[in-house]
Amino acid sequence: MRKRRSPIAWAHPRSLYWWDSIVPDFSPHEFMLNFRVSRESFDYICDRLHDIIGRRNTNFRLSVPLRKRVAIAIWKLATGGEYRTISHLFGVGRSTVYNCVREFCDVVVVLLPLHITMPDAGKLEEMATLFNHRWRAPQCVGAIDGSHIPVIAPEVCAPEYYNRKGWHSIVLQAVVDGKGMFWDVCVGYPGSMHDARVLRQSHLWDDLGSGEFLSQKKVNISGCDVGYYLIGDPAYPLQKWLMKPFSDTGRLTREQHTYNYRLSSARSVVEMCFGRLKGRWRCLLK
């Protein structure tokens, strides 16, 4: 009988020069420009995800080091590049790039409760002070808005994801402070859903609906005891903890115009935050 030969795996030769020789010599500024995160943040992410990813023992994970897998995923999210281009850059196969991105997105959510949390009493007072000093909006602690993230039309219920702008999307609802830092997010509802309905379906509505959370400290303004509140655009429902501009019917008073102006100026922080988010993570643009 013929001796059975061991199977031979053929792989296309790939270059590892860029990752092994060029990236280690990046200056902090060059690293930030290419990966959209600082080297310290990159190291932090790798350390946090090391144990979680390390427990998954598949062939591609054993052959590709952890730092390289994280770098592949971050590069994909930061640039929105094609799998083929990224595979040539890092010297791996296209399927490996795909697996790295999916794995990273599955496990990185463990960092969410560590960095996006409901503020405590001290933080609320700090945020209110910033909004008051910068935009003269007393007791405001955050701006809320929604943004559409493009998606490929799903096979099921595709019309529900078709938004008013003419393309398929899911809605990202976010609350940010005066520095543009997220402290609440809700994502996943179909693009055709109105912003007010997204808010009512989110956990934020349950958390703030009773009014207790934002009523920890009240200030007397023009004879009214005003607690902390959020600001939003006219699409949102008016609540004790959610302020919106007056509807411009052409008969607004000067005080109402001033109120709308200050509210609009303060609310711009969340719009700029979405702009920075999509500018840094280009995968959100397509």
Student check: side-chain heavy atoms of [X] and [Y] closer than 4.5 Å:
X    : Y    : result
S38  : P28  : no
I221 : P138 : yes
Y189 : Q173 : no
P237 : W205 : yes
L252 : D248 : yes
F213 : D207 : no
F104 : I45  : yes
S87  : Y98  : no

Would you tell me whether R48 and Y44 have side-chain atoms, one donor and one acceptor, within less than 3.5 Å of each other? yes
Please report the closest heavy-atom contact between [X] and [Y], naming both atoms and the distance.
X    : Y    : result
I231 : A266 : CD1-CB, 3.5 Å
K123 : D120 : N-OD1, 2.8 Å
N260 : F246 : OD1-N, 2.8 Å
W19  : V23  : O-CB, 3.8 Å
S21  : P24  : C-CD, 3.7 Å
I116 : D184 : CG2-N, 3.7 Å

Only one of L277, D177, V175 passes side-chain contact (heavy atoms from CB on, under 4.5 Å) with F182; say which it is. L277
Same apolar cluster: F131 and L214, side chain cutoff 4.5 Å: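 Different clusters.
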Say whether L199 and V141 are linked into one hydrophobic cluster, either directly or through other cluster members, by side-chain heavy-atom distances under 4.5 angstrom. yes
Side-chain donor-acceptor contacts of residues 146-162 below 3.5 Å, not counting sequence neighbours, with atom names and distances?
residue: S147; atom: OG; partner: K278; partner atom: NZ; Å: 2.8
residue: H148; atom: ND1; partner: S169; partner atom: OG; Å: 2.8
residue: Y162; atom: OH; partner: G166; partner atom: O; Å: 3.2

Might you work through the side chain to side chain contact (heavy atoms under 4.5 Å, CB included) test for W241 and Y228, ending with a clear yes or no? CA-CA 7 Å; W241 50 269; Y228 296 126; over 6 Å; no
Main chain of [Y], side chain of [X]: is a donor-acceptor contact present, judged purely on distance under 3.5 Å?
X    : Y    : result
K240 : G227 : no
N132 : A128 : no
K244 : P234 : yes
R94  : Y83  : no
R267 : D145 : no
K76  : I86  : no
T258 : R254 : yes

Distance in Å, [X] [atom1] paired with [Y] [atom2], rounded so as to fall on 0.5 Å steps:
X    : Y    : atom1 : atom2 : answer
I170 : M193 : CD1   : CE    : 12.0 Å
L230 : Y236 : CG    : OH    : 10.0 Å
D195 : R197 : CG    : CZ    : 12.5 Å

Does the side chain to side chain contact (heavy atoms under 4.5 Å, CB included) test come out yes or no for V269 and R134, once each step is laid out? CA-CA 11 Å; V269 67; R134 183 170 296 180; 6.0 Å; no
Under the salt bridge (Lys or Arg N to Asp or Glu O under 4.0 Å) test against R67, which residue among D47, D43, D20 passes? D43
